[in-house]
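Proteins get letters first, then strands, A, B, ... in listed order; numbering begins at 1 in each.
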Protein chains: 6
Amino acid sequence: MNPARRLRPLDPSVSPRFGDVATLLRAPRMPLDADIDIALVGVPFDLGTNYRTGARGGPAAVREASRTIRLVHPTSRIAPFDLCEVADVGDVAINAMDLSVSVDAIEAFFQQLHSLRATPITVGGDHTVPLPILRAIARDRTVGMVQFDAHPDTLDTLMGTRINHATTFRRAVEEGLIDPKRMVQVGLRGSQFSADDARWGREAGMRVITMDEFEALGRARVIDEIGRVIGDGPTYVSFDIDGLDAANAMGTGVPEVGGYSVRDAQVMLQSLSGRHLVGADLCEVAPMYDPTGQTALNAANLLFELLCVVAESRVAIRAV
Amino acid sequence: MNPARRLRPLDPSVSPRFGDVATLLRAPRMPLDADIDIALVGVPFDLGTNYRTGARGGPAAVREASRTIRLVHPTSRIAPFDLCEVADVGDVAINAMDLSVSVDAIEAFFQQLHSLRATPITVGGDHTVPLPILRAIARDRTVGMVQFDAHPDTLDTLMGTRINHATTFRRAVEEGLIDPKRMVQVGLRGSQFSADDARWGREAGMRVITMDEFEALGRARVIDEIGRVIGDGPTYVSFDIDGLDAANAMGTGVPEVGGYSVRDAQVMLQSLSGRHLVGADLCEVAPMYDPTGQTALNAANLLFELLCVVAESRVAIRAV
Amino acid sequence: MNPARRLRPLDPSVSPRFGDVATLLRAPRMPLDADIDIALVGVPFDLGTNYRTGARGGPAAVREASRTIRLVHPTSRIAPFDLCEVADVGDVAINAMDLSVSVDAIEAFFQQLHSLRATPITVGGDHTVPLPILRAIARDRTVGMVQFDAHPDTLDTLMGTRINHATTFRRAVEEGLIDPKRMVQVGLRGSQFSADDARWGREAGMRVITMDEFEALGRARVIDEIGRVIGDGPTYVSFDIDGLDAANAMGTGVPEVGGYSVRDAQVMLQSLSGRHLVGADLCEVAPMYDPTGQTALNAANLLFELLCVVAESRVAIRAV
Amino acid sequence: MNPARRLRPLDPSVSPRFGDVATLLRAPRMPLDADIDIALVGVPFDLGTNYRTGARGGPAAVREASRTIRLVHPTSRIAPFDLCEVADVGDVAINAMDLSVSVDAIEAFFQQLHSLRATPITVGGDHTVPLPILRAIARDRTVGMVQFDAHPDTLDTLMGTRINHATTFRRAVEEGLIDPKRMVQVGLRGSQFSADDARWGREAGMRVITMDEFEALGRARVIDEIGRVIGDGPTYVSFDIDGLDAANAMGTGVPEVGGYSVRDAQVMLQSLSGRHLVGADLCEVAPMYDPTGQTALNAANLLFELLCVVAESRVAIRAV
Amino acid sequence: MNPARRLRPLDPSVSPRFGDVATLLRAPRMPLDADIDIALVGVPFDLGTNYRTGARGGPAAVREASRTIRLVHPTSRIAPFDLCEVADVGDVAINAMDLSVSVDAIEAFFQQLHSLRATPITVGGDHTVPLPILRAIARDRTVGMVQFDAHPDTLDTLMGTRINHATTFRRAVEEGLIDPKRMVQVGLRGSQFSADDARWGREAGMRVITMDEFEALGRARVIDEIGRVIGDGPTYVSFDIDGLDAANAMGTGVPEVGGYSVRDAQVMLQSLSGRHLVGADLCEVAPMYDPTGQTALNAANLLFELLCVVAESRVAIRAV
Amino acid sequence: MNPARRLRPLDPSVSPRFGDVATLLRAPRMPLDADIDIALVGVPFDLGTNYRTGARGGPAAVREASRTIRLVHPTSRIAPFDLCEVADVGDVAINAMDLSVSVDAIEAFFQQLHSLRATPITVGGDHTVPLPILRAIARDRTVGMVQFDAHPDTLDTLMGTRINHATTFRRAVEEGLIDPKRMVQVGLRGSQFSADDARWGREAGMRVITMDEFEALGRARVIDEIGRVIGDGPTYVSFDIDGLDAANAMGTGVPEVGGYSVRDAQVMLQSLSGRHLVGADLCEVAPMYDPTGQTALNAANLLFELLCVVAESRVAIRAV
């Protein structure tokens with residue numbers, strides 16, 4: 001490991017992977033003000049769900065599953081902990097009885113991180129979570145968005161409420177946080193509430209890639225499309241674990257069959273290398289539906305993919 | 001079965017127990033206005049929880065587990081479906097995004113039942129559920145209460161909120177729905193937030209029987225105490241499944257070790273025979289934490305116990 | 001939803017998906033004589049199995065898993081509940097102690113449906129189930145058959161018995177219910193009892209597509225083959241869940257590795273659009289082997305695929 | 001271990017308990033004619049069940065769970081493998097498609113054992129299994145019976161059939177295999193089909209001890225009753241695992257709450273020391289409902305209890 | 001909470017129990033030299049097991065299960081975090097490939113703790129773990145011992161090795177770390193390798209209380225015996241989770257049926273109030289055998305019991 | 001079945017697959033000296049693992065999962081039990097407390113098999129197991145190697161030890177057992193400890209095919225590469241189950257996402273037809289992490305694939 005780094009994950013050659021307190025990617029648990037480049041954050045919030053809850057258990061489950069993850073990326077050779085100071089800064093203190101108070105608490109937490117110039121990589125929590133994050137980090141400039149998901153999350157309301165896990169990206173566009181022309185949704189599928197649940201996003205200018213189109217194009221051309229849409233501007237990545245095929249992600253609130261594989265997801269995330277990434281999240285892991293631990297393991301691996309490309313981006317920006 | 005009854009559960013000698021749509025205790029699924037004596041209701045509400053959610057899955061799980069239940073009580077020989085018209089009236093339509101709207105919807109549903117003179121037996125949902133039920137059925141007269149539970153649920157607030165699964169019985173006393181002098185709590189235990197989490201109830205006049213006292217008295221004298229406290233007045237029974245020892249109830253939000261057995265619970269419920277019972281509920285079954293199905297099976301059996309004594313009480317009242 | 005329809009599934013925008021009694025695809029539970037276009041039926045029969053039983057639990061499991069399913073198909077935009085009157089008519093009353101009595105009861109039930117001109121879509125039960133269904137609905141005219149399956153089910157006898165889940169399609173051909181020239185088997189694989197377990201079907205004229213051939217042809221050409229074989233004549237679709245790769249279907253009596261994906265199955269079922277479909281079934285879901293619920297979820301999704309193409313076919317036939 | 005014995009279980013000090021082929025109590029797998037004193041037999045038959053099947057997996061599960069069992073009883077100091085030649089003689093070859101053929105095959109198998117003068121200890125299989133066993137070993141003399149069970153199994157018919165897991169002991173009395181005056185049922189409980197499901201047995205002269213009476217008497221006096229009823233005559237012991245409290249036996253077809261503990265069962269079985277025991281069985285373990293393995297572990301331990309008292313009895317008889 | 005304390009567990013009224021990094025009893029994770037009164041330590045070592053491994057996962061599982069635990073004991077009103085500075089000091093760095101190196105590492109870790117005057121409460125790990133702990137803390141003075149366990153762990157060798165989870169307490173006596181006259185074993189049971197597996201301990205002077213004797217004496221007199229044996233001298237408490245009945249502890253290497261309940265264990269641990277306690281451990285939690293999480297939950301609760309009496313003892317000693 | 005064979009597996013048309021003692025591929029359990037062509041061996045050793053143990057349970061789990069396997073290969077039509085005398089020879093007696101003694105015991109066992117001219121097909125155990133096997137069977141001539149694996153297992157040391165599951169193939173090359181020029185590794189992937197964990201193997205001359213290259217080449221060209229590398233010389237096949245995608249192999253010590261499918265593995269193994277195969281193993285199945293049984297089922301199927309090609313090779317060699 002890079003001897004210049006202050007912050008180091010547990011070294012598996014000294015501290016066995018089954019040992020000690022579990023943290024995100026085995027990074028050290030540090031307070032917010034520890035001069036961190038990349039902050040791994042847990043947001044155990046799931047009051048925005050309208051079917052099965054449980055994503056409040058996501059951060060804990062991904063911490064446990066992180067035990068499997070090592071130090072260097074096998075394809076890109078990125079060693080993120082050598083590139084950046086990376087820490088697990090713990091969880092936002094959610095008020096489990098109050099959606100609104102919690103959403104504000106999330107925003108405040110990420111504002112503090114933002115003011116400290118740390119790039120956040122978050123483990124949710126349900127897919128409401130990106131909204132307060134974007135409110136904290138994208139108010140000063142609109143961002144592009146790569147959304148990996150089975151569902152568009154661009155409804156106007158759900159059961160009469162405007163802030164929940166099915167309206168996040170519509171709200172973010174309406175609030176000027178996301179530039180819909182620089183947004184791509186990858187993996188939409190599943191039976192629908194209406195004739196076209198993704199219609200609003202499409203009309204707002206988002207590039208919507210359903211699984212039908214994903215299959216028709218092939219992964220390589222999907223990757224081209226992602227790159228074309230987001231370009232070189234500041235971009236945020238939001239990965240709803242239900243974007244994965246249900247065979248890989250039963251441990252989530254609304255698993256959908258017929259999605260892409262973990263390998264597909266890994267390669268798509270690797271393709272973000274060289275982009276200008278300002279943050280990322282991985283949401284909707286609900287461990288009580290995951291008796292094999294497979295969903296959490298996938299999440300930990302995808303979190304490592306996110307960390308690698310974000311770390312690389314962070315260094316590139318610093319270098320400029 | 002009593003040929004005079006219009007409403008009959010599925011007959012296991014004709015329709016095998018593994019077959020057909022699952023309903024509470026295999027009673028027929030009927031609309032509210034079907035001239036019902038005892039309405040079995042599901043309330044899949046769990047927004048009042050501050051640790052692990054999932055009790056929204058309770059009614060579905062107890063319906064499935066109800067397949068095991070037959071027609072006649074082995075000890076009392078009560079055949080509840082012969083005594084009363086019993087139906088499963090489905091679930092209250094919860095707004096999963098809004099605690100307050102949901103609590104009002106629960107109250108409205110039970111007001112309708114109450115106006116139709118049906119006695120409700122409810123499967124929750126978290127332990128917030130009794131509050132709106134009592135608002136519907138106890139406004140016209142204060143009721144006594146037998147609460148089987150590991151936790152007192154008499155806090156003032158939780159995370160700053162006043163309506164949740166830890167404040168239910170305090171609110172109900174404050175609102176004049178429960179007479180604390182006719183209330184008994186059975187089974188309190190577990191590490192505490194404060195020096196005495198049950199203090200408010202004790203000071204309000206409730207009879208609080210901790211597991212320490214339960215063991216010291218023995219079950220028979222606990223039963224005497226329950227009877228002494230509630231007397232002959234109208235009484236409601238609320239059974240939080242976490243009152244059972246965690247070995248019998250892992251499938252709940254906050255399992256507590258060191259509780260009573262299912263046998264204890266059965267005998268205590270049987271002891272309510274002859275009392276004036278105006279309703280009952282069984283709450284906090286969270287099936288995603290119940291891979292063996294044991295918690296749901298216990299819940300279905302205790303629901304049958306509740307039905308037997310409520311049916312008997314209903315007939316007795318009718319007879320007067 | 002189509003306001004002209006009498007029968008409607010639970011509306012997820014009003015009644016949350018976790019709530020109320022579980023029915024097949026959330027369709028209303030109705031009696032047989034309710035003037036139904038498409039009858040969703042459960043047949044909890046598993047006395048025809050020679051390895052692991054448990055498919056008697058299939059209908060219950062698919063009802064629970066149906067909570068996830070919504071209203072409109074994402075690819076074809078078919079809204080089946082708008083096209084047809086669709087109901088869950090409950091389960092055939094099986095005699096769990098007697099194979100022969102049960103098989104007769106299944107036939108009688110489907111004869112009644114048939115006489116009422118309802119098109120049946122069935123959830124089994126083991127793969128014996130299609131035989132009595134075909135006896136009820138194909139006696140008046142031979143049908144074509146698309147069988148998705150890992151196993152041919154065309155043995156002559158099993159352990160000396162002639163009616164069981166390994167002989168179904170041979171019996172149906174022998175009884176003149178299926179035209180073997182209009183029959184295709186898709187997905188055969190797995191170690192065999194004999195040198196070629198599928199030989200009888202092949203010699204009878206069935207088009208047998210093993211997984212080896214499936215992979216060699218590719219899915220698109222398999223779809224062509226299915227269409228070529230069944231043509232425009234009346235056709236029944238039988239989906240043994242073990243046709244799916246074992247990674248998608250551990251919750252079955254005899255899971256077989258190396259099969260097709262759920263996505264493959266979905267697209268193959270969608271390709272039946274425009275065919276003349278007279279009924280369908282989905283068999284061999286055994287939930288006690290499915291702790292993640294993945295198999296049941298797949299089954300519910302495939303059931304929705306079947307409903308969409310059958311509803312479309314039903315309308316087309318009506319239109320003629 | 002007794003050096004005089006030809007047949008020895010795997011020695012845990014040499015062959016680790018996690019190793020090698022699993023057999024009942026780690027006894028050697030031998031053919032029937034190996035000059036065996038006590039034959040451990042598997043009967044993987046579950047066609048006699050009318051709710052949840054799966055007891056066909058019982059022998060396999062108990063073999064795996066047997067890995068935990070050692071050599072000497074901690075209380076009685078009985079070392080059964082030193083006292084007798086004990087072998088696992090494998091499973092009766094069941095015809096999974098045919099109840100009647102299977103029941104005959106079971107009888108034939110045990111007749112052969114009986115003619116070889118081996119005392120059988122059987123792992124079922126559902127609770128139909130004792131009937132063909134008794135037909136094989138009790139035709140020449142009526143036996144007494146200790147039945148540990150939640151259910152009486154003395155119905156006349158079930159779904160119109162006469163041989164199934166709910167009629168076994170009535171048939172056996174009718175066929176003169178059991179002397180009902182020397183029969184005791186221990187642990188009956190659970191909701192009933194009729195006003196008194198146990199009535200026939202009671203009227204036939206059986207001593208029926210419900211859980212209500214069990215609790216009222218206390219275990220010690222129950223043991224006295226068992227001894228008084230069976231006396232010194234030849235006696236068979238049949239243990240339905242659902243006799244145990246459901247907290248100890250979820251892995252069975254019809255778990256019933258409120259039963260006795262494993263400790264209670266152990267002490268009751270130990271109390272059979274000194275009786276004249278001619279065989280025993282342990283039925284209704286269904287491992288697919290037993291994700292923790294607890295039910296199978298209990299079964300293996302109770303099997304060891306049975307072996308100890310049967311071995312002692314066998315030696316005593318030989319000594320006479 | 002006591003404002004005088006530097007070290008505080010996560011406050012459940014601020015930080016929800018499902019949130020943030022999991023630590024033992026939610027105590028802060030601190031380095032060894034943080035001026036700690038009571039150090040909660042994980043020892044993820046399981047190379048001393050001869051049947052099923054997995055106790056290396058014990059500390060992680062108990063950390064997760066600790067989320068349920070609150071701040072004050074319900075019976076004794078002890079608030080341990082107010083009495084003492086309590087921290088989770090992480091896990092000993094085990095060498096998973098080398099028993100001997102690991103045992104030395106454990107000893108070294110506890111020597112350091114001992115030299116810092118912290119009282120250790122440990123979560124194992126298999127039951128080899130107490131040996132190196134005692135080598136670290138009992139070299140300067142022999143201690144008394146309360147061992148809760150199903151097995152005596154006083155063999156001489158296992159498979160030819162002298163240091164393993166079945167020889168721990170013999171070695172500790174031989175090395176002069178434990179005074180066998182001040183040692184009591186509670187709960188021994190289960191089939192045995194030899195005629196009396198506990199013989200060595202008995203002959204060395206230990207007070208051995210089998211489950212047979214436990215039941216005969218009753219819990220209250222067992223508690224008297226424990227007190228009589230250990231007296232007022234320095235005493236260590238070692239709780240092997242398999243001391244609990246298997247119904248409460250399937251998540252362990254060698255579950256044994258017929259043990260005491262969690263309630264029994266709690267009351268026995270509470271009875272140690274007022275004794276001179278120098279350390280404690282809780283071993284043999286193997287979470288991969290614990291799909292319900294019940295074993296880990298029991299362990300977390302018993303750990304809290306241990307903390308309460310050790311904290312009280314620590315204060316008492318300090319007060320002297 | 002070939003009537004010339006002495007040794008036959010259980011015939012599923014007589015002995016149902018759920019019945020009798022479980023053996024590897026249902027082959028008869030025979031002693032070593034039974035004149036066997038192909039010996040199926042269990043090696044329940046997992047002391048070489050540095051993360052999660054449990055592979056000691058592999059042989060037992062694969063024996064149970066073998067119940068599903070039949071007699072003839074569906075593609076090649078190979079009927080291995082007709083070609084060769086195949087037996088399950090049980091497990092090597094491991095010393096669970098001592099890695100070194102166990103490794104020697106494994107070697108001795110396979111030396112005996114080797115001297116008896118039986119070809120071994122082994123179920124591990126962790127991936128240390130091939131080293132002592134190769135020491136037994138490859139000392140007289142260096143072999144080629146096809147290693148299916150996510151990890152290279154060519155480290156020099158792990159935690160300071162030289163014999164463990166991460167160093168196996170480096171040791172085997174160093175000891176002259178494997179010719180690295182005739183060795184191919186298929187499927188490497190996953191986050192790494194160092195910049196290139198596979199470097200040593202590559203430099204030693206092994207053909208390393210990562211998943212990136214696997215995908216780039218396509219399966220057909222990977223098969224060509226395997227054939228090119230191993231040529232016609234004597235070759236051993238070692239299949240670490242973690243070579244499969246984690247979606248197919250959660251039941252292992254270190255599951256890695258993004259691997260190949262079971263179908264891919266099957267076809268690659270089938271491609272070994274015609275090669276000179278001197279032995280094979282399948283390692284790292286850890287059933288306690290496999291609640292669905294999918295990993296063990298995959299292992300049983302791959303074991304059958306191995307048996308088919310090894311049997312064919314054995315006959316070919318004999319024929320020469």
Side-chain angles (χ1 to χ4, degrees), chain C residues 49-54 150-152 155-161 164 166 187-199 208 210-216 242 244-262 264 286-295, chain F residues 1 9 11-19 25-26 64-82 219-220 244-251 260-267 269-270 290-305 307-308:
Chain C
T49 48
N50 72 323
Y51 181 28
R52 306 194 304 186
T53 50
H151 312 106
L155 296 186
D156 188 25
T157 61
L158 199 66
M159 305 295 279
T161 68
N164 57 60
L188 304 201
R189 64 190 185 278
S191 60
Q192 308 214 357
F193 292 120
S194 69
D196 182 5
D197 290 354
R199 182 175 173 180
V208 176
T210 65
M211 275 314 293
D212 289 333
E213 189 176 0
F214 184 98
E215 200 180 61
D242 70 24
L244 296 178
D245 190 276
N248 299 303
M250 284 303 294
T252 191
V254 192
E256 292 290 353
V257 306
Y260 34 76
S261 70
V262 181
D264 287 337
M288 61 292 296
Y289 296 108
D290 189 32
T292 65
Q294 189 194 349
T295 309
Chain F
M1 279 188 274
D11 181 346
S13 71
V14 176
S15 179
R17 289 185 280 169
F18 49 80
L25 300 177
R26 293 173 51 88
E64 267 303 311
S66 290
R67 294 181 181 281
T68 309
I69 309 300
R70 303 177 197 83
L71 302 168
V72 184
H73 194 281
T75 303
S76 66
R77 310 291 176 189
I78 294 172
F81 304 105
D82 285 357
R219 191 180 71 204
L244 296 178
D245 190 277
N248 299 304
M250 283 304 293
Y260 32 77
S261 70
V262 181
R263 170 88 190 162
D264 288 335
Q266 288 179 301
V267 176
L269 291 176
Q270 289 159 24
D290 189 32
T292 65
Q294 190 194 348
T295 309
L297 179 73
N298 292 338
N301 274 280
L302 296 179
L303 188 67
F304 185 71
E305 297 285 349
L307 175 61
C308 286

Next on the checklist: I need the F:Phe81 CZ to F:Leu307 CG distance, nearest 0.5 Å.
Outcome noted: 5.5 Å
Checklist entry - Do C:Glu215 and F:Arg219 sit within salt-bridge range, that is, some charged N less than 4.0 Å from a carboxylate O? => result yes
Next on the checklist: Just so I understand: if I count every heavy-atom pair under 4.5 Å between each of F:Thr68, F:Asn301, F:Ile69 and chain C, which residue has the most?
Outcome noted: F:Thr68
Next on the checklist: I'd like to know which of F:Val14, F:Asn298, F:Val262, F:Leu297 tops the heavy-atom pair count under 4.5 Å against chain C.
Outcome noted: F:Leu297
Checklist entry - Is any side-chain heavy atom of F:Tyr260 closer than 4.5 Å to a side-chain heavy atom of F:Asp245? => result no
Checklist entry - Can you name the closest pair of heavy atoms from F:Arg70 and C:His151 and give their distance? => result NH2-NE2, 3.4 Å
Checklist entry - Side chain, backbone, both or neither: which part of F:Phe18 has a heavy atom under 4.5 Å from chain C? => result both
Checklist entry - Does atom CZ of F:Arg77 have more than 12 heavy-atom neighbours from other groups under 6.0 Å away? => result yes
Next on the checklist: Under 4.5 Å from any heavy atom of chain F, what part of C:Ser194 do you find: side chain, backbone, both or neither?
Outcome noted: backbone
Checklist outcome for this item: Applying a strict 4.5 Å limit to non-hydrogen atoms, the region of C:Asp290 in contact with chain F is neither
Checklist entry - Which answer fits F:Ser13, side chain, backbone, both or neither, if we ask what part of it has an atom under 4.5 Å from a heavy atom of chain C? => result backbone
Checklist entry - Aromatic rings F:Phe304 and F:His73: how do their planes relate, parallel, tilted or perpendicular, breaks at 30° and 60°? => result parallel
Checklist entry - Measuring heavy-atom distances to chain C, does F:Gln294 have an atom under 4.5 Å in its side chain, in its backbone, in both, or in neither? => result both
Checklist outcome for this item: Heaviest contributor of heavy-atom pairs below 4.5 Å to chain F, chosen from C:Arg189, C:Arg52, C:Glu256, is C:Glu256
